There are 2 protein chains.
Amino acid sequence: MLREAAALLTRRATASMDEIAKAAGISRATLHRHFPGRDALVRALGELGIRRMNEAMDAARLEEGDAVRALRRLVDAAMPEAGFLAFLYSENQLYDDAELKAGWDASDERVAALFRRGQEQGVFRIDLPAVWLTEAYTALIAGCGWAVEDGRIARRDSAHLVTETLLGGALRRQS
Amino acid sequence: MLREAAALLTRRATASMDEIAKAAGISRATLHRHFPGRDALVRALGELGIRRMNEAMDAARLEEGDAVRALRRLVDAAMPEAGFLAFLYSENQLYDDAELKAGWDASDERVAALFRRGQEQGVFRIDLPAVWLTEAYTALIAGCGWAVEDGRIARRDSAHLVTETLLGGALRRQS
DNA sequence: CGCATGTGAGACATCACTGTCTCATCAGAT
DNA sequence: ATCTGATGAGACAGTGATGTCTCACATGCG
C-alpha cells in the first residue's frame, strides 16, 4: 500500500489525500484511520524508505570483503527500492523532521563508510570525497528509478547501468 | 524572483502561493498579477529552466571538437543552473504539459547527441546507452545542486566533481 | 450462525488556500 | 509638485481538501 502512495507522491508531490488513497487502493477514510493526516503519512513513508535502505545495506554486507564487490551488491539490493529512494530524495520536506533526518544521515554515513573503505583499500579514487560519492550514488539510484518508472530504462538493466556508471564513468577505457 | 520561487518549490513542492511570494520577496497580490495561478507559475518556471538549460548548451558549443571537452564545458555551464535543473527534475507534474515535455525532451536529446558523438569518436564507452548517460548526467547535476544547497558540497567544487564522476567514475585507475 | 474487526461510501462541518478587489503607498518620470 | 504605474496589505467570497462521523457490507473466526 505504502509503495503505491510513495510512487504517486514522487511523481506528484501535491497529490491530495483522496488521490493518494485511490493510488493505494483504499478509501480516504481508511487512509485516515491508518495515518492521522498527511504529515503522518509522509513520515511513515520516510521511515519505511529508510528501513528499506538499511535492509538493502544489511543484505549487501557492506563491511565484508572487496569494496567494489560490496558496492555492486549494494546497488543490486537498493535498485528494487529505487522508488522509495527517489521519494526520499525529492520529498525534502522530510528534512524538517529531525528523527527522519537522523535516520537519513545514518544511512548516508553507511554508504560513505563504504566509499572511504574502498579509498583506503586503494580501489576507489581519493580525489573525489566520500561525501560526494555518496551523493552521486543516491542521485544515480534515484535517477535510474525515475527513468525506469518512465519507461526510458528497462528495469532489468538498471542495477548494471548504475554500477557501471558509478564505478567506471562514461569514458571508454583504453586497452 | 523566479529563482527563489524555484528554490522553494524544489525543497517544498507543497508550498502555498503565499509562501512562494514571500520567498520571492513580493506580495501574494503581485505574484498573482504576474501569474494567474499556481499552474501558470510552475509552467513559467519550467519554461525558464528549459531556456536556461538550452542557453547553457549553446554556451558549451556541444557540437564542436572533442566530446570530452564539450561535456566538461557543458557541466561548467549547467552547474550554475543546477537549482533550476533540480526543480525541473523533481517537479514531474510538469510532464502533464505537452509543450514543456517537448522542450524537456529536446534538451535531453541535445545531451544524448553529445554522448552518441563521443561514442562514435571512440572516447565514450558504448556498453552504456546514450539515453542512460543523459539520465545520469541530469541526476548528477541535480543531485549536486541539492548537495550545494544543503551545504554538503562546496559550490566551487561542484562542476569538477560532477565531471570527474561522470567521466571517470569512482574506481581508481591503475597506472 | 453470531461476533468482532476492518473497510468503503458518502454526508457534513471545518479549514486552509486561492482569486479578486480596494485603497494607501512608493518610485520614477516629467 | 503632479502623474503614472506598480506594489503591499488586507478584506472577503469561493473552492478544494481535510477530518470526523455514521452506516452498510465483507471477511475471518469460533
Side-chain angles (χ1 to χ4, degrees), chain A residues 1-49 51-52 83-84 86-101 149, chain B residues 1-49 51-52 83-84 86-101 149:
Chain A
M1 167 180 75
L2 287 177
R3 182 188 290 273
E4 306 305 325
L8 176 60
L9 282 171
T10 303
R11 287 195 308 274
R12 202 147 61 72
T14 52
S16 66
M17 295 295 277
D18 195 32
E19 291 172 317
I20 295 167
K22 286 194 170 70
I26 61 177
S27 77
R28 192 164 68 79
T30 299
L31 182 63
H32 205 76
R33 286 189 189 104
H34 288 293
F35 305 103
R38 190 189 191 88
D39 284 351
L41 172 65
V42 166
R43 174 171 298 117
L45 289 174
E47 285 164 1
L48 181 58
R51 191 178 316 126
R52 291 297 181 83
F84 266 118
F87 170 72
L88 284 169
Y89 206 42
S90 63
E91 197 60 31
N92 286 338
Q93 69 208 50
L94 289 173
Y95 294 162
D96 286 345
D97 187 279
E99 201 173 324
L100 277 180
K101 186 169 164 51
E149 285 290 320
Chain B
M1 169 180 69
L2 288 176
R3 181 186 293 273
E4 305 304 324
L8 175 61
L9 282 171
T10 305
R11 288 196 305 276
R12 201 146 61 71
T14 52
S16 65
M17 295 295 278
D18 195 32
E19 289 171 318
I20 294 167
K22 285 193 171 72
I26 60 177
S27 79
R28 192 165 67 81
T30 299
L31 182 63
H32 206 77
R33 286 188 188 106
H34 288 294
F35 304 102
R38 189 188 192 89
D39 283 353
L41 172 65
V42 167
R43 174 171 298 115
L45 290 173
E47 284 164 3
L48 181 58
R51 192 178 315 126
R52 292 294 182 87
F84 266 117
F87 169 72
L88 283 169
Y89 206 41
S90 61
E91 195 62 29
N92 287 337
Q93 68 208 51
L94 289 173
Y95 295 163
D96 288 344
D97 187 277
E99 202 174 321
L100 277 180
K101 185 167 168 49
E149 285 289 320

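This is a predicted model, so every value here is computed, not measured. By convention in this document, chain letters (A, B, ...) are assigned in the order of the sequence lines, proteins followed by strands, and residues within each chain are numbered from 1.
Per the geometry, CG belonging to D18(B) stands 14 Å off P belonging to dA11(D), to the nearest Å. Rounded to whole angstrom, the span from the CG atom of D39(B) across to the P atom of dG16(D) amounts to 13 Å. When the P atom of dA17(D) is taken as reference, atom CZ of R38(A) falls 10 Å away, rounded to whole Å.
Within the structure, every side-chain polar atom (N or O) of H34(B) is placed at least 4.0 Å from both OP1 and OP2 of dA6(D).
Nearest to the side chain of S16(B), among dC17(C), dT7(C), dA17(D), sits dC17(C).
Residue whose closest nucleotide on DNA chain D sits further toward the 5' end, between P36(A) and R33(A): P36(A).
The shortest side-chain heavy-atom distance between T10(A) and F84(A) does not fall under the 4.5 Å cut-off. A heavy-atom distance below 4.5 Å is found between the side chains of L41(A) and L2(A). Side-chain contact check for K22(A) versus L8(A): every heavy-atom pair is 4.5 Å or farther apart.
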Exercise for the section: Could you go through the salt bridge (charged side-chain N to carboxylate O under 4.0 Å, His left out) check for D39(B) and R43(B) one step at a time? Expected result: CA-CA 6 Å; D39(B) 283 353; R43(B) 174 171 298 115; over 6 Å; no
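Among all heavy-atom pairs drawn from T14(A) and R38(B), the shortest one is CG2-NH2, 4.4 Å.
Using a 4.0 Å cut-off on heavy atoms, the residues of residues 21-32 of chain A that approach DNA chain C are G25(A), I26(A), S27(A), R28(A), A29(A), T30(A), listed by number.
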